[in-house]
Amino acid sequence: KRSTKHHPALPYADTAAFMKALSAAGGIAAQALAFGVLTVARTGEILGAAWSEFNLREKIWAIPGERMKMKEDHRVPLSEPALRILESMARITQGEIVFPSHGSIPLSNMAMLAVLKRLNYAHVTVHGMRATFATWAEECTDYPDGVREAALAHKYKGETMAAYQRGDKLEKRRALMNDWAAFCASPASPHPPALESD
């Protein structure tokens, strides 16, 4: 039996302060990390993001299945703050990769970890920010579990449920991600318990 690995995560009440620190940090790695928080994408999906995957008019990031953990195409609705990050990257990048280290070479995952360390968030992991979002969505919103799980690109646990739930809930997820972006920019709320992520 495979054991579950937990990734240290940020208490969701600290998200706005964290995003403010990221914005002040500057640099491509900080932008990539902020984009990851806003889209709740996995590290590899962020680092491999290519301009051809984005439809900025429709505000959608279409990640092909070969780049996804579950090997299925995944559409990510983009909030206005996420779009602003893309607009800023478009002004400084030359190649197909959205968040390059130089030229067309993507950032390494160590680059985002270095940002966390530099901002005194070394106790948090990049992947753990997905748990921050999941806990916020569960405790602070009324969105159904299926919408949250679809935002995280998780598969339904049961085969029967999966057979009947074939849509990707894009518009419901768009509302969720807009609410998440608003929360990320809001003043901090009282401290919740510390989190761990799968």
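- Here the shortest heavy-atom pairing between A29 and V115 reads CB-CG2, 3.6 Å.
- Looking only at side-chain heavy atoms (C-beta outward), T132 and V124 stay at 4.5 Å or farther from each other.
- A heavy-atom distance below 4.5 Å is not found between the side chains of P100 and I105.
- Although no hydrogens or angles enter the test, the distance criterion places no donor-acceptor pair under 3.5 Å between the side chain of R174 and the main chain of I60.
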- [ ] Go through L116 and L33 one step at a time and tell me if the side chain to side chain contact (heavy atoms under 4.5 Å, CB included) criterion holds.
- [x] CA-CA 9 Å; L116 289 170; L33 186 50; 3.8 Å; yes
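- Within the 3.5 Å criterion, the main-chain N or O of M89 finds a donor-acceptor partner in the side chain of T93.
- Within the 3.5 Å criterion, the main-chain N or O of P64 finds no donor-acceptor partner in the side chain of D73.
- Atom-to-atom distance recorded for I46:CD1 and T39:OG1 is 5.5 Å, nearest 0.5 angstrom.
- We find the CZ-CE distance between R42 and M129 to be 15.5 Å, quoted to the nearest 0.5 Å.
- Partner R67 forms a salt bridge (charged side-chain N to carboxylate O under 4.0 Å, His left out) with one of E72, E45, E53 and no other, that one being E53.
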Open item on the list: If you apply the rule side chain to side chain contact (heavy atoms under 4.5 Å, CB included), what do you find for F133 with L10, and how did you get there?
Closed with: CA-CA 9 Å; F133 162 81; L10 189 73; over 6 Å; no
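- In plain terms, the two heavy atoms of E80 and K59 that are nearest each other are OE2-NZ, 2.7 Å.
- Proximity of C140 to F183: side-chain heavy atoms (C-beta onward) are nowhere separated by under 4.5 Å.
- The minimum heavy-atom distance between V37 and M19, with the atom names listed, is CG1-SD, 3.7 Å.
- Closest non-hydrogen pair, L152 versus A134, comes out as CD1-CB, 3.9 Å.
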TODO: For the pair D179 and T141, evaluate side chain to side chain contact (heavy atoms under 4.5 Å, CB included) and give the outcome as yes or no after the intermediate values.
DONE: CA-CA 9 Å; D179 285 349; T141 80; 5.7 Å; no
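- With contacts defined as side-chain heavy-atom distances shorter than 4.5 Å, the pair L86/F35 qualifies.
- Judged by distance alone, the side chains of S104 and E96 never bring a donor and an acceptor atom under 3.5 Å apart.
- Ring centers of W180 and Y143: at least 6.0 Å apart, outside the cut-off.
- For the atom pair NZ of K169 and CD of E171, the computed distance is 13.5 Å after rounding to the nearest 0.5 Å.
- Note that the CZ atom of R130 and the OG1 atom of T43 stand 9.0 Å from one another [nearest 0.5 Å].
- For the atom pair CE (M112) and CZ (F99), the distance works out to 9.0 Å, reported to the nearest 0.5 Å.
- The same ILVMFWY cluster, assembled from side-chain heavy atoms under 4.5 Å apart, contains both V126 and L47.
- Considering CD1 of I85 and OG of S79, their distance stands at 8.0 Å, rounded to 0.5 Å.
- With M177 as reference, V40 is the one residue of L38, V76, L78, V40 to meet the side chain to side chain contact (heavy atoms under 4.5 Å, CB included) rule.
- The minimum heavy-atom distance between M68 and I63, with the atom names listed, is SD-CG2, 3.5 Å.
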- [ ] Please step through side chain to side chain contact (heavy atoms under 4.5 Å, CB included) for the pair Q31 and L22, ending with a clear verdict.
- [x] CA-CA 7 Å; Q31 292 274 62; L22 274 183; over 6 Å; no
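- Remark: side-chain polar atoms of S23 are not paired, donor with acceptor, to backbone N or O of K20 under 3.5 angstrom.
- For the pair V98/W51, a side-chain contact is recorded, criterion being any heavy-atom separation below 4.5 Å from C-beta on.
- Nearest approach of I28 to I92, heavy atoms of both residues: CG1-CD1, 4.1 Å.
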